[in-house]
Amino acid sequence: MSSSRFGSCCAALAVAACCLAPSPAGACSICRCGDPTFNALGTDVYASGNFRVALDWERFEKEQGVFEPGAAVSTVTNGTRLAARDEAAPSRESQVENRFTTTLSYAFADRANLVARLPWTSRRLTAEESIQTSRDLADPELYGLFRLWSSNFAPGLGKRAWVSVLGGVKTNWGRNDLTAGGERLDEHLQAGTGSTDVFFGLSGFYLLDSRSSVFGSTQLRRTGSNDFGYRYGNVSIANAGYEHRIGERLDGIVELNFRNADRDRLDATGLLDPNTGGTVLYVTPHLSWDFGKGMVGRLSAQLPIASNLHGDQKEKAVANVGLTYLF
């Protein structure tokens, strides 16, 4: 087998592994799965010496069952302590978040890329007749991508591929001590998680022809605890996408995004929230438009198509509008 064909096979296998690898869980009860690097920067991740800025607005929405900590008792299921609530407690809550994220990236020598994500969040939590809101800085993320391998263009076909490793940290710099009326707001209204999380993964890209490509990624996120004993569940994510150039300026993309999350830990005793965690699969259509002079507009909707969530939860669609500028 020729070296170029061997390399192409390796790339295809790597992308398949990214798409199919099992994923432990999304670390927040309301968060977007998918690959933020591909979403903000596109598949041309390694553009040597180029500095990019991406601005994104995202809207998340979710419903879940709740309990009052004062009325909670614990039950044991398969050795795990789960919280249970008194029937007099509010039964459900609705969470809506609007998140505005600035992504900064710089590529070095066509092989490495450093990325910083700076989010600001506005949240609303509705439980029966009560409504609470919050607005503040969420947790910035810092991470790097390093290209492990890439192929040359295949003669006459224009095919190219690469495989990368990713690693980084979600900081605890966002506000996790927001209050109203002298009392700390619900954990799901806090702008930041109050914890430092680490994450790592693989990503791959394969150019099918001059107008089409496939890409995929996996990511594992290991979460920490905040000062109040709360710990969001560990997260695993897997993504697979297909991109096709529709015209001179328009690209169409469709993705499958999978997330598997552990339950959230409520306090230092190890008590778990029964209405958090589980698995969900989304299909995500994108459109991107090249405005010229380095500016690209993006529009997508992440639609849940299958789920196996713990307890009483309902995931809803996620909307995303973004703009990326290449200097």
Side-chain angles (χ1 to χ4, degrees), residues 25-47 50-60 97-108 112-123 134-146 164-176 190-203 215 217-224 226 232 234-239 241 255 257 259 261 284 286 288 295-300 302 318-327:
C28 58
S29 62
I30 180 168
C31 66
R32 186 181 195 273
C33 66
D35 191 311
T37 305
F38 281 128
N39 182 60
L41 306 182
T43 54
D44 187 19
V45 173
Y46 300 104
N50 286 327
F51 175 67
R52 284 183 248 195
V53 176
L55 304 175
D56 283 270
W57 166 79
E58 291 176 303
R59 184 183 188 277
F60 310 77
E97 177 182 0
N98 287 280
R99 180 173 296 191
F100 304 87
T101 303
T102 300
T103 301
L104 308 173
S105 86
Y106 189 82
F108 298 87
N113 197 348
L114 295 181
V115 182
R117 287 168 46 82
L118 311 172
W120 187 89
T121 180
S122 173
R123 303 188 183 196
S134 66
R135 297 177 182 84
D136 217 298
L137 174 71
D139 296 326
E141 292 185 354
L142 303 170
Y143 61 94
L145 297 98
F146 183 77
S164 297
V165 64
L166 172 149
V169 59
K170 183 201 71 64
T171 70
N172 62 352
W173 301 344
R175 292 288 304 277
N176 188 247
Q190 298 298 326
T193 67
S195 66
T196 299
D197 306 343
V198 295
F199 54 92
F200 51 92
L202 290 172
S203 61
F215 57 92
S217 65
T218 58
Q219 186 183 125
L220 305 179
R221 185 176 295 251
R222 294 295 176 256
T223 61
N226 63 27
Y232 285 98
N234 290 328
V235 180
S236 299
I237 297 172
N239 310 288
E255 289 185 48
N257 309 127
R259 186 184 77 228
T284 308
H286 300 247
S288 68
M295 187 173 295
V296 177
R298 297 173 280 104
L299 176 67
S300 69
Q302 195 174 56
V318 179
N320 174 267
V321 178
L323 188 68
T324 302
Y325 184 73
L326 172 66
F327 287 88

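- A salt bridge links Glu97 with Arg123: the distance from a Lys NZ or Arg NE/NH1/NH2 to an Asp or Glu carboxylate oxygen falls below 4.0 Å.
- Scanning for side chain to side chain contact (heavy atoms under 4.5 Å, CB included) contacts around Trp57 gives Arg59, Asn98, Phe100, Ala319, Val321, with sequence neighbours left out.
- In this structure, Gln302 CD and Arg259 CZ are separated by 8.0 Å, a value rounded to the nearest 0.5 Å.
- With sequence neighbours excluded, no residue forms a ring pair (Phe, Tyr, Trp, His ring centres under 6.0 Å) with Phe200.
- In this structure the side chain of Ser195 reaches within 4.5 angstrom of the side chain of Lys170, judged on heavy atoms.
- To the nearest 0.5 Å, atoms CZ (Arg99) and CG (Asn320) are separated by 12.0 Å.
- Using modelled atom types, one side-chain atom of Asp139 and one backbone atom of Thr193 make a donor-acceptor pair closer than 3.5 Å.
- Annotation: side chain to side chain donor-acceptor pair (under 3.5 Å) contacts of Asn172 (sequence neighbours excluded): none.
- With rounding to the nearest 0.5 Å, the separation of CG in Asn234 from CG in Asp197 is 8.5 Å.
- Across all their heavy atoms, Pro140 and Gly174 have their closest contact at CD-N, 4.3 Å.
- Atom CZ of Arg52 sits about 6.5 Å away from atom CG of Asn50, to the nearest 0.5 Å.
- Evaluation of the side chain to side chain contact (heavy atoms under 4.5 Å, CB included) rule for Leu114 yields Phe108 as partners, not counting sequence neighbours.
- The backbone N or O of Tyr232 sits less than 3.5 Å from a side-chain atom of Thr223, completing a donor-acceptor pair.
- Ring orientation note: the planes of Tyr143 and Phe199 are nearly perpendicular, at an angle over 60° on the 30°/60° scale.
- Of all heavy-atom pairs spanning Leu142 and Ala116, the tightest one is CD2-CB, 3.6 Å.
- Here CZ of Arg221 is found 6.5 Å from CD1 of Ile237. Values are rounded to the nearest 0.5 Å.
- Taken to the nearest 0.5 Å, the CD atom of Glu255 stands 5.5 Å off from the OG1 atom of Thr284.
- In this view, Ser288 and Asp251, Val296, Arg298 satisfy the side chain to side chain contact (heavy atoms under 4.5 Å, CB included) rule, not counting sequence neighbours.
- Between Phe146 and Ala112, the shortest heavy-atom distance links the atoms CD1-CB, 4.2 Å.
- Judged as a side chain to side chain contact (heavy atoms under 4.5 Å, CB included), and not counting sequence neighbours, the contacts of Thr103 are Ala40, Ala54, Thr101, Val115, Arg117.
- Of all heavy-atom pairs between Asn176 and Gln190, the closest is C-OE1, 2.9 Å.
- The two residues Ser203 and Leu145 make their nearest non-hydrogen contact at OG-CD2, 4.3 Å.
- Using a 4.5 Å cut-off on side-chain heavy atoms (C-beta onward), Phe327 and Val53 make contact.
- Counting all heavy atoms, side chain and backbone alike, Ala238 lies closest to Thr218 at CB-CG2, 4.2 Å.
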